[in-house]
Amino acid sequence: MLNIRNLHASVEGKRILNGLNLEVKSGEVHAIMGPNGSGKSTLAQVLAGREAFEVTEGSVDWDGVDLLAMPTEERARAGLFLAFQYPVEIPGVSNAYFLKAAVNAIRRQRGLDEYDAMDFLARVKAEMKAVGMKEEFLYRSVNEGFSGGEKKRNEILQMALLEPRLAVLDETDSGLDIDALKIVAEGVNRLRSPERSMIVITHYQRLLDYIVPDQVHVLSEGRVVRSGGRELALELEEHGYGWIKTEPAPAAAGAQGARP
Amino acid sequence: MSTIDTWVGRHHERAASLPGAALPWLLRRRADAIARFAELGWPTTRLEPWRHTSLSFLEQHELQAPESAPHPAATLAAVRSEFGDGGHWLVFVDGRFERTLSVLGGLPAGVVCTPLSEALSKHAEAVEAAFGTADEAASPYALNLALCTDGAFVRLARGTALGAPLHLVFIGATGAADTHLRNLIVAEANTEASIIEHHLGGGSTLGTTVTLVHTAQDARITHLKLQQQDATAIHLAQIKAEQARGSYFASHSLSFGARLARNDIHTRFDGEGCETLLNGLYHVDGRRHVDHHTLIEHASPLGISREYYRGLVDDNARGVFSGRIIVAQDAQRTDAVQRCDNLLLSRMAEADARPELEIYADDVKCAHGATVGQMDEDALFYLRTRGIDEIRARQLLTYAFAAEVLDRIALASLRSSARATLLARLPGGALLEELL
């Protein structure tokens with residue numbers, strides 16, 4: 001279980017998260033919505049360990065471990081995966097090499113044998129087929145010259161290969177047409193399991209037509225201001241985010257993250 | 001003491017024993033050359049082309065042959081294992097041709113490949129025409145002409161091609177405190193060859209090397225220079241190409257060693273439709289210094305030049321690039337691209353990248369850019385979020401930055417050998433070997 005308590009974070013002196021509380025149980029999918037600048041992506045980056053974001057207060061407990069005390073790569077090896085909103089292009093590093101290095105880093109941590117070239121290729125080709133990626137993408141540099149949709153598929157491919165315990169998807173739907181969106185959603189749905197939690201960050205309700213969350217949270221000014229079931233997303237779709245801001249934020253932390 | 005007078009004295013001492021001492025034209029050129037060197041001395045930063053690289057310390061510098069060095073055969077064996085046993089090998093130790101280490105069988109008919117010291121008697125006229133003079137080059141290359149002991153003479157008769165690469169290996173061992181080598185490559189019309197210079201060893205010596213490349217019409221010459229000298233050596237090198245109509249000349253300069261390495265690389269398009277690729281990679285650390293000073297003269301129309309340099313600059317080291325491109329008034333429809341990118345690997349590292357474009361024609365495409373930067377933090381974070389250690393991620397990104405230069409080496413076998421050589425020098429390289 002992931003338990004975020006009173007999380008405060010800032011970047012370059014600017015406070016972005018202001019006492020965020022969130023609980024995600026094993027096997028649950030939580031959607032996080034909110035207007036631009038509400039802190040959605042900052043939450044994702046802080047969970048993944050980006051050093052540019054300074055955590056000034058609060059805690060993140062992940063199955064009894066202090067997540068914030070771990071360096072980025074250890075979080076990844078312990079089973080945290082962040083699907084980037086803007087996947088980074090890495091010229092000169094082939095996708096095949098990158099994927100293999102990542103998979104083997106995580107397999108080592110889990111006490112599994114590293115894949116050799118043959119086993120790895122067999123596995124990666126099967127996963128690529130499932131997300132509709134052509135094999136040539138293995139031999140191109142990581143994300144270099146990929147279209148927006150191709151980059152996001154590459155993220156889902158990595159998620160499938162790395163088999164995380166906790167996946168954070170940061171606006172994976174942004175910039176995707178409906179077909180690409182469906183493929184991404186299928187990828188996510190295929191990975192839903194009782195051992196795996198997911199936090200799906202999105203600006204639009206659209207993605208939640210395909211990925212049905214257990215809970216929806218609305219972020220505003222770095223805090224969860226509303227939590228509810230899937231119907232909360234539909235409400236947002238209808239009314240926009242304007243009405244959220246006009247309501248006073250709930251005073252008690254206990255009101256947040258509660259089951260609908 | 002290496003004062004100018006000492007060098008003039010060395011010329012007098014050695015003149016009689018230098019190869020070609022019986023050739024009047026060569027005696028005259030050597031005499032002119034040492035006179036030019038005596039007049040100019042070592043370049044100082046007061047000269048614009050040497051603004052970032054002064055050689056004035058050489059006035060007082062102690063040169064020393066290495067007290068001990070690996071056996072040249074062992075040094076050669078290491079290179080041959082990296083570059084494969086095929087190809088033709090001309091090996092020089094301390095500036096002298098080593099016949100027993102060289103492998104020159106199976107050259108195609110019409111191809112001459114021989115030490116310069118022998119070519120001076122066997123191919124005297126061709127050598128005289130290709131030898132070069134001292135009146136244009138910077139003073140160290142005049143000194144080279146005055147003192148050169150040997151080098152390679154390569155001539156490709158019209159229509160011939162060297163199927164396998166020709167390796168010229170220059171090893172500094174315990175025999176000399178200064179070496180001066182001159183390579184002459186004469187490619188007649190419609191010829192093709194790949195020539196690789198390896199520079200190794202050298203201790204605290206001064207080495208000058210001049211490589212003159214004559215490419216006739218439609219000739220295609222690829223030159224790769226791999227400089228991996230000891231970190232105390234001083235390496236001064238000129239590569240100069242003259243290109244006739246429709247010819248192609250590629251220079252790949254991989255500068256990994258030496259305390260100070262200076263490369264003056266110059267090509268001139270003397271006919272229409274010439275093409276050149278000047279491609280380079282340097283890796284400097286410690287207090288070492290590397291300087292690439294390039295000049296592309298678009299003297300004729302329809303020329304295409306591509307110039308790409310990348311530098312990895314670590315510790316207190318310094319990397320310098322200056323790229324001058326001159327497009328003459330009638331060199332219309334010239335297409336030139338120049339880029340230089342540096343990755344600084346420490347706070348104290350320094351890189352200078354200076355493009356200089358002089359364009360006198362009006363119908364040209366010229367693009368240039370230069371960057372000096374640090375590692376991409378976004379890429380580093382991305383790799384770490386995938387479970388890859390920070391140290392390994394840094395090594396991977398460093399390698400990837402450099403390896404893009406090597407991707408431009410057209411011959412696959414050379415490309416993979418060059419990659420292996422790069423990996424062997426970079427920290428963590430062994431772990432990245434799967435990249436090949």
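Please read all numbers here as calculations on a predicted model, not as lab measurements.
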Original post:
What residues of residues 125-143 of chain A sit under 4.5 Å from chain B when only non-hydrogen atoms are counted?
Top reply: Val142(A), Asn143(A)
**OP:** Using heavy atoms and a sub-4.5 Å threshold, report which of residues 67-81 of chain A line up against chain B, by residue number.
**Re:** Pro71(A), Thr72(A), Glu73(A), Ala76(A), Arg77(A), Leu80(A), Phe81(A)
**OP:** Could you check if a side-chain atom of Tyr97(A) sits within less than 4.5 angstrom of a side-chain atom of Leu396(B), using non-hydrogen atoms only?
**Re:** yes
**OP:** Kindly give the heavy-atom pair with the smallest separation between Gly387(B) and Ala105(A), and that separation in Å.
**Re:** O-CB, 3.3 Å
Original post:
Can you tell if the side chain of Val93(A) reaches within under 4.5 Å of the side chain of Tyr399(B), non-hydrogen atoms only?
Top reply: no
Original post:
Tell me, side chain or backbone of Pro164(A) under 4.5 Å from chain B's heavy atoms, or both, or neither?
Top reply: neither
Original post:
Under 6.0 Å from the NE2 atom of His368(B), do we count more than 12 heavy atoms belonging to anything else shown?
Top reply: no
Original post:
Say you draw a straight line from CG of Leu82(A) to CZ of Arg386(B); how long is it, rounded to the nearest 0.5 Å?
Top reply: 6.5 Å
Original post:
Applying a criterion of heavy atom separation less than 4.5 Å, what residues of residues 42-62 of chain A form contacts with chain B?
Top reply: Gln45(A), Ala48(A), Gly49(A), Arg50(A), Glu51(A)
Original post:
Is the number of heavy atoms from other residues, nucleotides or ligands within 6.0 Å of CZ (Arg354(B)) greater than 12?
Top reply: yes
**OP:** Mind ranking Ala102(A), Pro87(A), Ala96(A) by heavy-atom pairs under 4.5 Å with chain B and telling me who comes out on top?
**Re:** Ala102(A)
**OP:** Take atom CD1 of Ile391(B) as the centre, draw a 6.0 Å sphere, and report whether it contains more than 12 heavy atoms from other residues, nucleotides or ligands.
**Re:** no
Original post:
Is it true that atom CG of Asp113(A) has more than 12 heavy atoms of other residues, nucleotides or ligands lying nearer than 6.0 Å?
Top reply: no
Original post:
Under a 4.5 Å cut-off applied to non-hydrogen side-chain atoms, are Val88(A) and Phe381(B) in contact?
Top reply: no
Original post:
Which bit of Ala403(B) comes within less than 4.5 Å of chain A, counting heavy atoms only: side chain, backbone, both or neither?
Top reply: neither
Subject >> Centroid-centroid under 6.0 Å between Tyr382(B) and Tyr86(A) rings >> reply: no
Original post:
Is the number of heavy atoms from other residues, nucleotides or ligands under 6.0 Å of Arg15(A) CZ greater than 12?
Top reply: no
Subject >> Arg347(B) CZ: over 12 foreign heavy atoms closer than 6.0 Å >> reply: no
**OP:** Decide if atom CE of Met1(A) counts as having more than 12 heavy atoms of other residues, nucleotides or ligands within a radius under 6.0 Å.
**Re:** yes
Original post:
How would you list, by chain and number, every residue that makes a ring-ring contact (aromatic ring centres under 6.0 Å, His included) with Phe249(B), sequence neighbours excluded?
Top reply: none
